[in-house]
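Whatever order the structure lists them in is the order used to number ligands and atoms, beginning at 1.
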Amino acid sequence: GSKWSYIGPDGEKAWPKKYPFCGGVFQSPIDFHKDILQYDSNLLPLEFIGYNVSSTDQFTLINNGHSVKMYLLPTMYIRNLPFEYTASQLHLHWGNRNKSEGSEHTVSGKHFAAELHIVHFNSEKYPDVTAAMDKADGLAVLAILLEIGPFNPSYEKIFRHFRNVKYKDQMVRVPGFNIRELLPDRLDEYYRYEGSLTTPPCYPSVLWTVFRHPVKISHEQLLALETAMYCTESDDPEPLEMVDNFRKVQEFHERLVFISFHE
Ligand SMILES: NS(=O)(=O)c1c(F)c(F)c(S(=O)(=O)CCO)c(N[C@H]2CCCc3ccccc32)c1F
Ligand SMILES: [Zn+2]
């Protein structure tokens, strides 16, 4: 078992003891601020193939004790990256009911309420995510910043299942839907940099694409995310709420973040 957490003696300051890459280079998340941003006209809008999954197919939603993650289908992949990347899973990071500032990436020092990550692996070079995840060109993660606004029926297709994955290792089937609905409208505007997994083992293996425009979910939906899940198993005498499951921003010196848009 992966014995790490976001709080207490196994919290992020202790990660490098068991997971040396967490104390290494190219760590994520980072803060996007103007003196490290550089416009790059070669950054094309991403193309999503097979993201419109039929409702007769099913995803699997699992509480893994660190986040709530949904396994995607191997028929889903992205083009217009250096390689073709096949979807593996999506998961979220969030804060708590008193402080809805749980995004991992920040913009000019500002946290967003939460953040959705869609993890893909380089299927041109590697057979699966396990083979890819410790390779420099192994993974591509899409990040969507979430903020409070109107009720979001697309996110509700996942959120309405939270009551069935309250505890660690619980899982539920989610009817297929168009995962493209979870992304912002403007796929052509994003931040791009080479970074790492934001959880142990923190491999520096991720090509990050963080969309510029946040997606809105309602206050009630955010509260459900912040209060539904536990890191512990259903029979644990000391239940631990799954909150604040975001890593602090990492030092980012002598590096640039490329942007596909003009400020
Ligand atoms: N923020 S992040 O860096 O995108 C990120 C997470 F934050 C996160 F919690 C997870 S996890 O839910 O798997 C729990 C921690 O392993 C992952 N998993 C990745 C990396 C680890 C192994 C693995 C195997 C198959 C598919 C995905 C992954 C993760 F990539
Ligand atoms: Zn993540």
Any heavy atom of T130 under 4.0 Å from ligand 1? The part involved is neither
Numbering the atoms of ligand 1 from 1, which are under 4.0 Å from a heavy atom of H93? 1 (N), 7 (F)
At a non-hydrogen distance cut-off of under 4.0 Å, which region of L197 contacts ligand 1 (side chain, backbone, both, or neither)? both
Test Y191 against F261 for ring pair (Phe, Tyr, Trp, His ring centres under 6.0 Å), laying out the working first. CA-CA 9 Å; Y191 303 88; F261 55 91; 5.4 Å; yes
Considering K69, Q89, H91, H66 one by one, which has a heavy atom nearer to atom 18 (N) of ligand 1 than any of the others? Q89
Which atoms of ligand 1 sit under 4.0 Å from any heavy atom of E104? 1 (N)
Do N64 and ligand 1 have an N or O pair less than 3.5 Å apart? yes
Please state which part of T198 comes within less than 4.0 Å of ligand 1, counting heavy atoms only: side chain, backbone, both or neither. both
On the ring face of F246, is K248 found with NZ or CZ under 6.0 Å from the centre and within 45° of the axis? yes
If we only consider heavy atoms of R247, is any one of them less than 4.0 Å away from an atom in ligand 1? no
Determine, step by step, whether Y193 and H105 satisfy the ring pair (Phe, Tyr, Trp, His ring centres under 6.0 Å) criterion, reporting the C-alpha distance in whole Å, the side-chain angles of both residues, the deciding distance to 0.1 Å, and the verdict. CA-CA 12 Å; Y193 76 100; H105 291 90; 5.7 Å; yes
Less than 6.0 angstrom from the centroid, inside 45 degrees of the normal: does K110 satisfy that with respect to the ring of F112? yes
E241 and R97: CA distance, side-chain angles, deciding distance, salt bridge (Lys or Arg N to Asp or Glu O under 4.0 Å) verdict: CA-CA 11 Å; E241 288 182 327; R97 73 189 82 178; 2.8 Å; yes
For atom 21 (C) of ligand 1, which protein heavy atom lies nearest, and how many Å away is it? M133 SD, 4.0 Å
Check: H91 main-chain N/O paired with S67 side-chain donor or acceptor under 3.5 Å: no
Give every residue pair that meets the salt bridge (charged side-chain N to carboxylate O under 4.0 Å, His left out) criterion with at least one member in residues 119-144, sequence neighbours excluded. K125-D137
Nearest heavy atom to atom 15 (C) of ligand 1 wins, so pick from L92, V119, L139, T199. T199
Could you say whether the N/O atoms of H117 and ligand 1 ever approach to under 3.5 Å? yes
Tell me, which protein N/O/S atoms are under 2.8 Å away from the Zn ion (ligand 2)? H91 NE2, H93 NE2, H117 ND1
Step through the shown structure and confirm whether more than 12 heavy atoms of other residues, nucleotides or ligands are within 6.0 Å of CZ on R163. no
If the cut-off is 4.0 Å to any non-hydrogen atom of S88, which atoms of ligand 1 fall inside it? 26 (C)
Can you list every pair that meets salt bridge (charged side-chain N to carboxylate O under 4.0 Å, His left out) and has a residue in residues 214-238, with sequence neighbours left out? E147-K216
Can you check whether F21's main-chain N or O pairs, donor with acceptor, with W15's side chain at less than 3.5 Å? no
Main-chain N/O of R247 paired with E104 side-chain donor or acceptor, under 3.5 Å: yes
Hits for side chain to side chain contact (heavy atoms under 4.5 Å, CB included) against T86, two or more places apart or cross-chain, chain-then-number order -> Y77, E84, F121, S123
Can you report which non-hydrogen protein atom sits closest to atom 25 (C) of ligand 1, along with the distance? V129 CG1, 3.2 Å
